Amino acid sequence: MNSLTHEYRLSEVAAPEKITTGLDAFVDRAVGRVRRRRAQLDSLRALADEAEALSESVRVLSEAALKSKLDEYRQWFRRNGRDGDARLPEALAAIREAAERQVGLRPFPVQLIGALALRRGFLAEMATGEGKTLTAALSAIVAGWTQRPCHVITVNDYLAQRDAEWLRSLYQFCGVSVGYVTGAMEQRDRSRGHEHDVTYTTSKEIVADFLRDRLRLGELHVQSRRMIRQLLAPANFSQRGLVMRGLHTAIVDEADSVLIDEAVTPLIISGSEGGEATTAAYHLAWTFAQSLTPQVDYQVNARYREVELLAPGQEKIEKNLSRLPELWRGRARQNELIRQALTARELFLQGKQYVVQEGKVVIVDEFTGRMMPMRRWRDGLHQMIEAKEGVAVSPRDVTLARLSFQQFFRYFRHLSGMTGTAQEAAPEYWHIYRLPVLAIPTNQPCVRRELPDRVFPDWESKWTAVLAEIVRLHAQGRPILVGTRSIAASETLAERLRALNLPFNLLNATRHREEALIVAAAGHKG
């Protein structure tokens, strides 16, 4: 790739189509139904059958001959890009053989169908246990051959690192470099991670890196401006420490979590401001908030996670907060400050939304239960929780850049994904991301039984029933995964299991260091 092309792709993104409304949206939904009709699956199955038919001829190849064949396909796709898909079945047959030799797993025909669906830009619905990780790698190898940036998006740092390291030998055998980017990495390591043909990372890390690069470039994020600057003042021009090499292909694992659950959540890059006066304001506001009475001075809307000040509460604020620093003496600013204090008091609980570690408030991701030490709540909420917990109050954040995950993933030229549950939101995937959903059949008939919900009158009877079920399954030697909604609930269950002398591993946000060992042992008998 010449330097001019590389320079262009550093900041080039696809222009997202306008989301349709009204009659246009009605027509668009009809188009979406056509794009995910069963004929699409039949077409991909025919291609997978082609790859299957070539399996025996590839299986007899020596290691050197197979590697030579893969190099031939790599050169073909590098020259032809997406126009090279005429040779996709034979390329997949070779990658399949490489997978069996390098990682000991031979992709099933349904995994070949899944890989073809990803290559065609579908959202593949694959049941749990059907091998989504290997399926994504088959498609990512072909994308890596084109020399365009390919990102595989996973739901957490552990999986990003694990998958990249586990599949490294397969990628290298196929002539593709692979890396990963996690939250704990410094800028230099992040840059190295993004330099590879295929990069495993999370949605939060890739959006943060994208925004930071945009801030570094400033007005020069437009490639034509960079070229003019480079021509006029080459001595003063540099890439300014950019981390990424551009956006092109994204394969999103657990797409329901990334593209739907967290879609409109903005990721924000902040600077900081504040001083002793601001710190004093948070402490004073927190102390005063303790004197207010629920339903008299304020009321809490738990559904929308909001606090509303009532007239008596506002009167108390006006009478008692004249000691606030000058910045906070306006009525609107005072009300904002007290609302944040009451929000921290009523809606943000230690052990659920956050933990305190080494004198710092650390956010816990409510979707994954993981700690996010580099994240902070905005608009002074984080500082108010620090005042609540009696730790040092950090400087207040000032927003420098923000971008929702929904908007970001529409910047990719080629987007595809996988999830176990997609049909329910199929119209939404198409309407927002132009992703048609395709249900991939299971390799074997599904024997899972889905039992009905059980409802209990109180917590005690619920925990008693949970423990009884754990004891029953454990007596059969069956491994058990128990999910809870908070750190406190997981610790409560752990105490009850200890009382029964049942062996278990506890994994939550405060015990993340043991995660790799716990996950490695998960699923074993007993």
Side-chain angles (χ1 to χ4, degrees), residues 10-19 149 151 153 155-157 181-185 187 190-191 194 201-222 225 240-244 246-247 250 252 255 257-274 278 304-306 332-333 336-337 339-340 343-344 347-348 353-354 361-368 370-386 394-412 415 428 432-433:
L10 272 176
S11 58
E12 176 225 16
V13 297
E17 294 180 33
K18 185 179 178 182
I19 295 177
H151 291 90
I153 311 299
V155 291
N156 58 55
D157 287 347
V181 173
T182 61
M185 284 183 169
Q187 181 177 332
R190 300 174 87 85
S191 182
H194 285 296
T201 187
T202 65
S203 57
K204 293 182 178 68
E205 297 310 321
I206 190 173
V207 175
D209 285 339
F210 175 80
L211 286 178
R212 281 191 287 258
D213 277 358
R214 287 284 162 134
L215 287 172
R216 288 186 188 104
L217 284 169
E219 62 180 14
L220 298 182
H221 74 270
V222 179
R225 290 178 180 170
R240 299 189 180 191
L242 298 185
V243 168
M244 298 180 66
L247 303 179
V252 183
S257 173
V258 176
L259 300 181
I260 300 295
D261 296 344
E262 299 183 25
V264 296
T265 304
L267 192 137
I268 299 168
I269 301 293
S270 303
S272 58
E273 67 175 10
T278 303
Y304 294 105
R305 298 185 65 77
E306 293 176 348
R333 298 299 299 272
E336 174 198 346
L337 199 60
R339 260 197 301 268
Q340 291 288 39
T343 299
L347 299 172
F348 286 78
Q353 284 84 13
Y354 68 92
V361 170
V362 181
I363 296 175
V364 173
D365 188 326
E366 291 190 67
F367 290 104
T368 64
R370 294 173 186 279
M371 290 193 293
M372 301 189 293
M374 304 302 290
R375 312 279 183 234
R376 298 204 294 179
W377 286 296
R378 65 192 183 110
D379 297 332
L381 177 60
H382 201 94
Q383 289 72 19
M384 193 61 74
I385 292 173
E386 289 170 333
S394 57
R396 180 184 168 95
D397 293 333
V398 179
T399 299
L400 302 176
R402 61 185 291 161
L403 182 66
S404 72
F405 295 107
Q406 183 185 98
Q407 180 73 8
F408 173 76
F409 281 105
R410 296 174 71 226
Y411 285 156
F412 282 91
L415 178 65
E428 190 173 350
I432 296 171
Y433 300 103

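None of the values given here were measured: they were computed from a predicted structure. Starting from 1, each residue takes its place in the sequence as its number.
Distance CD1/I363 to CG/L381: 8.5 Å, rounded to 0.5 Å. Rounding to the nearest 0.5 Å gives a distance of 10.5 Å between CG of L337 and CD of Q383. If you take CD1 on I385 and CG on L347, they are separated by 9.5 Å, rounding to the nearest 0.5 Å. Between L217 atom CG and R212 atom CZ the span is 14.0 Å, to the nearest 0.5 Å.
At a threshold of 4.5 Å between non-hydrogen side-chain atoms, the residues V181 and I206 do not count as touching. Counting only heavy atoms from C-beta outward, the side chains of K204 and R375 approach each other to under 4.5 Å. Residues M244 and P149 form no side-chain contact, since every pair of their non-hydrogen atoms from C-beta on lies 4.5 Å or further apart. Proximity of Q353 to W377: side-chain heavy atoms (C-beta onward) are separated by under 4.5 Å at one or more points.
Not counting sequence neighbours, the partners of R339 by the side chain to side chain contact (heavy atoms under 4.5 Å, CB included) test are L309, N335. Not a single side chain to side chain donor-acceptor pair (under 3.5 Å) links H382 to another residue, sequence neighbours left out. Looking at residues two or more places apart in sequence or on another chain, you find no salt bridge (Lys or Arg N to Asp or Glu O under 4.0 Å) involving R410. Looking at residues two or more places apart in sequence or on another chain, you find a salt bridge (Lys or Arg N to Asp or Glu O under 4.0 Å) between D213 and R216. Take Q340 and apply the side chain to side chain donor-acceptor pair (under 3.5 Å) test, not counting sequence neighbours, and it matches no residue. Residues passing the side chain to side chain contact (heavy atoms under 4.5 Å, CB included) test with V207, sequence neighbours excluded: L211, L267, L403, F405, F408. Partners of E386 by salt bridge (Lys or Arg N to Asp or Glu O under 4.0 Å), not counting sequence neighbours: none found. Considering only residues two or more places apart in sequence or on other chains, E17 meets the side chain to side chain contact (heavy atoms under 4.5 Å, CB included) condition with R434. For the side chain to side chain contact (heavy atoms under 4.5 Å, CB included) test, residues two or more places apart in sequence or in another chain that qualify with L400 are L215. Qualifying side chain to side chain donor-acceptor pair (under 3.5 Å) partners for Y433, counting only residues two or more places apart in sequence or in other chains: none.
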Start with the C-alpha gap between R305 and T343, add the side-chain angles, then the distance that decides, and say whether side chain to side chain contact (heavy atoms under 4.5 Å, CB included) holds.
-> CA-CA 8 Å; R305 298 185 65 77; T343 299; over 6 Å; no

Intermediate values then yes/no, side chain to side chain contact (heavy atoms under 4.5 Å, CB included), R190 and T201 | CA-CA 10 Å; R190 300 174 87 85; T201 187; over 6 Å; no

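For the side chain to side chain contact (heavy atoms under 4.5 Å, CB included) criterion with P266, the lone passing option out of Q406, Q407, R402 is R402.
Counting all heavy atoms, side chain and backbone alike, M384 lies closest to A344 at CG-CB, 4.1 Å. The heavy-atom pair separating S203 from I153 by the smallest distance is N-CG2, 3.5 Å.
Counting only distance, with no hydrogens or angles, the side chain of D157 and the backbone of G183 share a donor-acceptor pair below 3.5 Å.
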